[in-house]
Amino acid sequence: MRSDDLITIGEVARRAEIAPSALRYYDREGLLPDVRSPGGQRRYPRSVLRHLAFIRAAQNVGLSLDETRSALAALPPGKTPTKADWTRLSRAWSGRLEAQIDGLIALRDRLTSCIGCGCLSLRDCALMNRDDVAGASGGGARYLPRVLRRPAGSTGEGAGLS
């Protein structure tokens, strides 16, 4: 790869609107292809901008970093992924998106009465949690649709994406 085909971490951060610290994090996690300059500075192929868009989309779908890493590993090495490559990967998300949509609809439909936090502060709670029975099944918002509950550490927290 020619050195003029590579862009600096600052340029990637600016163009992708992602903090340089997030790029370093993704680099450490093996999510981004990088090349080191003779002085040890990170340089990225321009295709990294597509990788970052993919990572952001994967986060929005609810993929964990491990799932995102596996998906990116399925891309052809050493060349810019094609539309067909991205289509193949995103097709696998269809079921997950449908489940998330269903979960969001269920949440919307219950939101005005209760979000399942167990606070019992509403007079007419549609999801009554007498004697904190929900607490026996674990922490977190137990009545929140499962698809909308992410396990700890699966969101890429601290990665600088918003």
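For the numbers below, each heavy atom of this structure counts, side chains included, while hydrogens, waters and symmetry mates do not.
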- Crowding at CZ, Arg50 (>12 non-hydrogen neighbours, <6.0 Å): no

- Message: So does Thr8 get a backbone contact from the side chain of Glu11, meaning a donor-acceptor N/O pair under 3.5 Å?
- Response: no

- Please report the closest heavy-atom contact between Ala58 and Thr68, naming both atoms and the distance. CB-OG1, 3.4 Å

- Are Asp27 and Arg42 close enough for a salt bridge, meaning some N to O gap below 4.0 Å? yes

- Message: Using side-chain heavy atoms (C-beta onward) and a distance below 4.5 Å, is Glu29 in contact with Arg69?
- Response: yes

- Query: In terms of hydrophobic clusters joined by side-chain contacts under 4.5 Å, are Leu97 and Ile105 together?
  - Reply: no

- Would you mind reporting whether Leu104 and Arg108 have side-chain heavy atoms less than 4.5 Å apart? no

- Taking only residues two or more places apart in sequence, or in another chain, which ones meet Ser47 in a side-chain hydrogen bond (donor to acceptor under 3.5 Å, both in side chains)? none

- So which heavy atom on Pro45 is nearest to which on Leu6, and how close? N-CD2, 3.7 Å

- For Thr82, does its backbone N or O pair with a side-chain atom of Asp85 as donor and acceptor, under 3.5 Å? yes

- Query: How far apart are the closest heavy atoms of His51 and Leu31, and which atoms are they?
  - Reply: CD2-O, 4.1 Å

- Query: Is a side-chain N or O of Arg15 found less than 3.5 angstrom from the main chain of Leu49, in a donor-acceptor match?
  - Reply: no

- Partner set under side-chain hydrogen bond (donor to acceptor under 3.5 Å, both in side chains) for Arg24, not counting sequence neighbours: none

- Task: Assess whether side-chain contact (heavy atoms from CB on, under 4.5 Å) is satisfied between Leu72 and Leu89, documenting all intermediate values.
- Result: CA-CA 9 Å; Leu72 287 169; Leu89 288 176; 5.7 Å; no

- Item | Stepwise side-chain contact (heavy atoms from CB on, under 4.5 Å) test for Ile7 and Arg46 | CA-CA 7 Å; Ile7 52 180; Arg46 292 184 191 284; 3.1 Å; yes

- Item | Minimum-distance pair of heavy atoms, taken over all atoms of Leu23 and Tyr44 | O-OH, 3.9 Å

- Query: Closest heavy-atom contact between Leu52 and Ala16?
  - Reply: CD1-CB, 3.8 Å

- Message: Ignoring hydrogens, what is the shortest heavy-atom contact between Pro20 and Ile9? Give both atom names and the distance.
- Response: O-CD1, 3.8 Å

- Message: Does Arg56 form a salt bridge (Lys or Arg N to Asp or Glu O under 4.0 Å) with Glu17? I'd like the steps, not just the answer.
- Response: CA-CA 11 Å; Arg56 184 168 282 169; Glu17 297 181 340; 5.3 Å; no

- Item | Joint cluster assignment, Ile101 & Trp93, ILVMFWY side-chain distance < 4.5 Å | no

- Message: Could you tell me if the side chain of Gln59 sits less than 4.5 Å from the side chain of Leu63, heavy atoms only?
- Response: no

- Query: Can you find a heavy atom in the side chain of Leu65 that is under 4.5 Å from one in the side chain of Tyr26?
  - Reply: yes

